[in-house]
Every structure is written in structure tokens, then in C-alpha cells.
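Everything on this sheet refers to the single structure shown next.
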Amino acid sequence: MSLREEIEKLIKEQPVKGDELLIALNLKKYFPVRRGLSDILKGRRLYVRAVDGISFGIKDGEVFCLVGESGCGKTTTGRTIIGLTPPTAGYLLYRPRPEIAKQFRDLGFEPVYKDYFLLNDLFRNKKANKLLRRELQIIFQDPYGSLNPRFTIYSTLEEPLVVHGIARTYEERFRYISKALEDVKLTPPEEFMKRYPHQLSGGQRQRVVIARALILDPRFIVADEPVSMLDVSIRAEILQLMLELKARRNLTYLFITHDLAIARLICNRIAVMYLGKIVEMGPADEIIEKPIHPYTKALVAAIPEPDPSNRFKIRDLPIRGEVPSAINIPPGCRFHPRCPHAFDKCSKEEPPLIEVEPGHYAACWLYHK
Amino acid sequence: MPLLEVKDLRVYYYTLKGVVKAVDKVSFSVEKGETLGLAGESGCGKSTLGFSLLRLVPPPGRIVGGKILFEGMDVTAMPEDKLRREYRWKRVSMIFQGAMNALNPVKTIGDQIAEAILAHEENVTKREALERAAELLKMVGIEPRRIRSYPHELSGGMKQRVVIAMALALNPPLVIADEPTTALDVVVQAQIMNLLKRLKKEYGMSMILISHDLALIAEIADKVAIMYAGKIVEIGTAEQIYNNPKHPYTQGLIRSVPRLRGAKRLEWIPGQPPDLRNPPPGCRFAPRCPYAMDRCRREEPPMVEVEPGHWVACWLYAKR
């Protein structure tokens, strides 16, 4: 089977439409584990199966959320998608804008399906990878760790322009940087350019991180827990800014968070991950109001609300225990040891992600006809 | 007589760059069996306040004024030796933030729990102390045979349970829990909160829960104090604070908690908290306050009782 046929087949089988901006097909990312001497002698290889075969498509202009607990693979998915770490298996398809697509063609790449290029190939080519930075960018979680403390804000924002040769003269770069700072509401920009990260508050730093991600005018942004390190009172301000920028510049976000309440505020669709797999995917409101998968139900039930009457009741938690290690993933459905509804089949066969209601997918044998 | 009474407590950090007034004239009390939730954002002084109740403020911090009265004893004036033998851990203990780092990696958890018992109680053998450690583990929902486990053999949620068991080792009347569920996943967080609720109910334990998360505090607190820039700006029963907040900061903070149910709204408090080395004169919230008047920028607002048990430090409610 040729690559094109295989991709066409996967698009038919997997929960994607085939017209999205970015499509992940059976994406896997394994990390080798350091082995002891006995493992080496026995020739045993151990892997953390951080992302273990997931498929999804992110539509143009959408905010797509990956939600899950720590260690579920959501951050690894985000990093793999923009090429910070190469995928172990699976395909990543992306539809670049025409002028960038032309440059990929000039470099000798051809679309593998319709006008989609295969990111797996582009990541391996140095020039193509650099060009991709003008399409795909990332906002990291920690605004304290993701800015160089020895760079002024000006140098931080100037670097991508210089590396990509975008604004060649000083005046042009100055104009770009002023605009970028104004866009994230750090005004007056001249004031902030001279400063170092330690002279800014957490919220201001995260604005600089956003400005840096946007200065090359990308279309697709991976936002990895962009507000979880910030104080509650300013989180919404950053989220609002991200939504404004999205509308103004026609961006598409992959938003990674552990907090369903935040996902609900800004996402169109949510995918819930558990131990490297998507267990449920669908419109944000449906996932929260009518969750299907027992794991999603438990997540929704566990989230506290600012309601003082809650103190008189013990929270009803349908699931027990904690997430097992991603090295020893349980057989069958990986959630079955914690699931209150588990039956025979669950421990033997892995449930596929099927469409339970239009656009709402779940991987659970309970809903399999 | 309340179990704990704090009067005009001031804790300052004497740094090279100036004096940081982390806790500035803070007063509150905790009754027996009551849970006080202490809410505030990073840097508001809530953890410093927690540490100062055990007189464990890390240097260059110091308690510079005010009183901490526990069952009528003056903790601030107690000699260090008496404090260690009779007060700290025995009367008031603490569940530290980040269970991962609060445990000693080279000792079994049984030994670590027993250590507290052996250090405080005479005529207790190691064997008896370990037996009690096993019982404590059972109480917090861990199999007693785990006393021989090392911290790395336990999951995050279990380590947090061990830290809770340690805090309960001497059966103290008051436990301070400083962000007991940060770094834990939501499901495990809910499990831990259920455990704390159970302990509160079954053992009549008094507690101070310190957290930035108002939703988490609502899970357990009977009384809530809101801290901003080193001061308590509002204190009252949980119902008063959540259902009828008076201080503009409390109102903004509650509105900015993202909710899973109800209306979707993105609300926030513009601006950022002041530098505690050089706080603004008058009300410290005035620069961010939508209702700030002239007076707010000049004079510090007094605490006034707006309804029985509900105190607010805001000029909007003070009688002129």
C-alpha cells in the first residue's frame, strides 16, 4: 500500500474529517526507559508509552483542547505536533498557506494528501523545519523559565526576526516589535522593550511569551497550560487576550490544560486523554454536561466549585486509586482497573474510539453495539 | 475562649533590598472544631502566616509584633525549648505543601511517622510508635503494611496521605494544611479533600486550610479569610464570603474562578498586587479597585463588622 493510500484509509477509519488544518493519525510517541543490567542482559526494552496511537483533526480557526491528568501524554502530544520531538509512529498532516506551501515545493516536498504536507518529513529537513516555525508555534507553561533572563524583551522578540531574516533593517524590526508588544497590550512598548524578564510580573511575562510566539505570524499555536502558573485573578485576562488575538489574526489553537473549567471557557472541542489515549472527544459543552466515558464522568465529578454548601457532603467519586505508570499499561481498556463498570471484555480488548453521538466520540465498550 | 487567637500579628522579612511586610497586623481566631480557609494569591503572605503560627518563619523573616494565643498560652513569648516540647506538633501541626519534598527519601515512612511520636512522648518504645504509625496510615486510607515502604515506592496521592498521617501523629487539636493538594491530580485532590472532611467530622479536628483556590476552600471551610498584600481584607462565615462578598477584591476573586457549571464568563481583576517592600499608602487594593476614592489612597481602612461575624476592611463600608 502506498503512503497516500494508507493515509486515505486512515482518514476514513479514524475520527477525522479530512478537511482540517492539522490532522494527527495514529500518532505515537514512546520514550525509552533507562534499563538495569538485568534488563540489558535479557535484551528487554522498556518504553514509556506517552502517546499511544491517537487521531484527531483540528479545524481552521478552532480552539481544540487536550485535557487530562499529569502524565496522560497531553504535553508530549503538543510537543510532537510542532516537531520539538519526533513522533515514534503515525502521521501528522498539515495544510500550510499557499506561499509557504510553494517554498516547501521548492525544497522538493510534495503534498501527500490533497494539499496536506506530511510534517514527519518536514521535521527531518532543516530548512523545512525552520520554515515551519512561521506556521507552527508554541506558548509554554512557565513564563519564568521560558524567557532568557539575560535578554531584554527587545532582544527576545528580535531574535526570531533575525533568524528568519524577516525585518532586515533596525527600523523595520523596531516597528515589528512595537506592534507585537502593543498586540499583547504591553504599552507603551518602548517602556517594555528595555526591560528584563525579572522586571515583569508573571502575567506580563506570559504576554511577552505570547508576543514572541506570534511575531512570525504563525497560524497554528500550541498553548501548553498557558495560565496554570498565573494567579487566578489574572488568568481570565490572558485567556481573553488569546481569544482576541485568535479572532484578529485567524489563529488556530491546540490548548493543553488539566483544568476542565478553563477548557470550557475557551474551547470549541475537547479531547480527554488517559494514559496516552484519547478516551473521549467532542464539543466542549457536551463533554462537560453530558460526559460519556466513565473517566470523563469522574473528572467532572471531582472538580470543586466555589459553593460553601459542598463542605457538608463527601464528594461521590466513582473511581478509585490513581493513574498507573505509562510503562506498565494495563491490557485491554487501560482504564478498566479503576472503572466502576468494567466487565470481562474490558480487560481483554482495547475499545476503539467510536462516534456515540454526532461528533461526540468515546472509547468504551459500554457504548459499543 | 477560642482555640487559637491571633492579634495584630506582624511578620517581616529583612532582606537586603528592604523590609518585606509579608504579614501586617493580621487578626483572626479559630474555634474548636472549626475549619478556617485562608485564601489569597501568590505572595499575599498566607504561607508566611501559616509558618508563623508554628514559629517556623524562615530567616530573614521574623515575627516583629502581635500575639498568637493558643488555648490562652502566648506562643510568641514561649521559650524555644518549651515550644518544641509542648506546642509545636503536639498542639498545632502542619501538612506541608508538596508532599513529594516533605518526606525523607532514605527513611521508611513508618520510621518517619514514629520519629515524631518518639521525639515527643517519653515511655514509648520504638515498637509501640511503629504500631501507632500503622494505625495512622490506616486512618488516612493506606494499608498498614506500608510502614516499611520508602517514599519513592508510593504514588503522589499516597505520599500526601503520609504527610497528613504525620501531622496527625500526636493528635493535635489544630492542623494547618498549606496547599495540601497542589501538584496532585483533580481526582486525587478530591480523594484527599474527602479524607480531610472525614477527619474533621470524626475527630472534631480544627484546621486552617491555606490555598489560592477558592473552590477548594469552599469544599471544607466553615470560616473564610481573604488575604491581600499581607492583610486580611475580609473574614466571615463561608456563606457570607461566597454568597455575599463585600470587599471589591473578594468579589473580583470569586468572579474570576472558572466554573464548570453556570454562565461562561471571563472575568479578572486588572493590574497586579503591590510590591510588599513598598506597599501603596492607604488601602493596598486601591490601585486595582474599581471603586477607589480619594480617601482609599490616603488612609488605611479599618476592619468593620458589616453583619454579625462578617468583617471587611474597606472604606465603602466604614462609617464616616
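A note on names: the letters A, B, ... follow the listed sequences, proteins ahead of strands, and every chain is numbered from 1.
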Minimal non-hydrogen separation, A:Pro308 against B:Tyr242, with atom names: CD-CB, 3.6 Å
A:Leu230 side, atom CG; B:Trp268 side, atom CH2 - distance, nearest 0.5 Å: 13.5 Å
Stepwise side chain to side chain contact (heavy atoms under 4.5 Å, CB included) test for A:Glu305 and B:Arg261: CA-CA 9 Å; A:Glu305 292 271 306; B:Arg261 293 158 198 97; 3.3 Å; yes
Any side-chain heavy-atom pair of A:Leu317 and B:Gln191 under 4.5 Å: yes
Charged N-O contact under 4.0 Å between B:Lys264 and A:Asp285: yes
Toward chain B, the part of A:Leu260 with a non-hydrogen atom under 4.5 Å: both
Minimum side-chain heavy-atom gap A:Leu299-B:Val186 below 4.5 Å: yes
Contact winner vs chain B - A:Gly71, A:Ala236, A:Gly68, heavy-atom pairs under 4.5 Å: A:Ala236
Rounded distance [0.5 Å steps], NZ in B:Lys197 versus CZ in A:Arg315: 6.0 Å
Most contacts with chain B, counted as non-hydrogen pairs under 4.5 angstrom, among A:Ala298, A:Gly203, A:Pro304, A:Pro306: A:Pro306
Interchain contact, B:Asn243 with chain A, by part (heavy-atom threshold 4.5 Å): side chain
Region of B:Glu239 in contact with chain A, defined by heavy-atom distances below 4.5 Å: both
Per-residue contact mode, A:Ile288 against chain B (heavy atom under 4.5 angstrom): side chain
Side chain A:Glu322, main chain B:Gly157, donor-acceptor under 3.5 Å: yes
Option that, when pairs with chain A are counted at under 4.5 Å, heavy atom only, ranks first among B:Leu216, B:Asp222, B:Val188: B:Asp222
Qualifying residues under ring pair (Phe, Tyr, Trp, His ring centres under 6.0 Å), relative to B:Tyr249, sequence neighbours excluded: B:Tyr228, B:Phe285
Within residues 226-240 of chain A or reaching into it, pairs that qualify as salt bridge (Lys or Arg N to Asp or Glu O under 4.0 Å) - sequence neighbours excluded: A:Arg207-A:Glu237
B:Thr35 and A:Arg311: side chain donor to acceptor below 3.5 Å: no
Distance, nearest 0.5 Å, that separates CD of A:Gln240 from CZ of B:Arg265: 14.0 Å
Spatial distance of atom CD1 (A:Ile238) from atom CG (B:Leu266) [nearest 0.5 Å]: 11.5 Å
Identified side chain to side chain contact (heavy atoms under 4.5 Å, CB included) counterpart of B:Leu260 within the set A:Ile262, A:Val300, A:Leu265: A:Val300
Chain B contacts, top residue of A:Ser309, A:Gly202, A:Ala261, A:Ser233 (heavy-atom pairs, under 4.5 Å): A:Ser233
Under 4.5 Å from any heavy atom of chain B - which part of A:Gln204: side chain
Interface moiety of B:Ile220 toward chain A, non-hydrogen atoms closer than 4.5 Å: backbone
Which portion of A:Leu243 sits near chain B, non-hydrogen atoms under 4.5 angstrom: side chain
Step-by-step side chain to side chain contact (heavy atoms under 4.5 Å, CB included) determination, B:Val187 to A:Arg338: CA-CA 12 Å; B:Val187 177; A:Arg338 301 175 72 194; 3.9 Å; yes
Option that, when pairs with chain A are counted at under 4.5 Å, heavy atom only, ranks first among B:Lys200, B:Gln272, B:Arg259: B:Arg259
Residue B:Tyr291 excluded, over 12 heavy atoms near OH under 6.0 Å: no
Student check: side-chain heavy atoms of B:Leu214 and A:Val232 closer than 4.5 Å: no
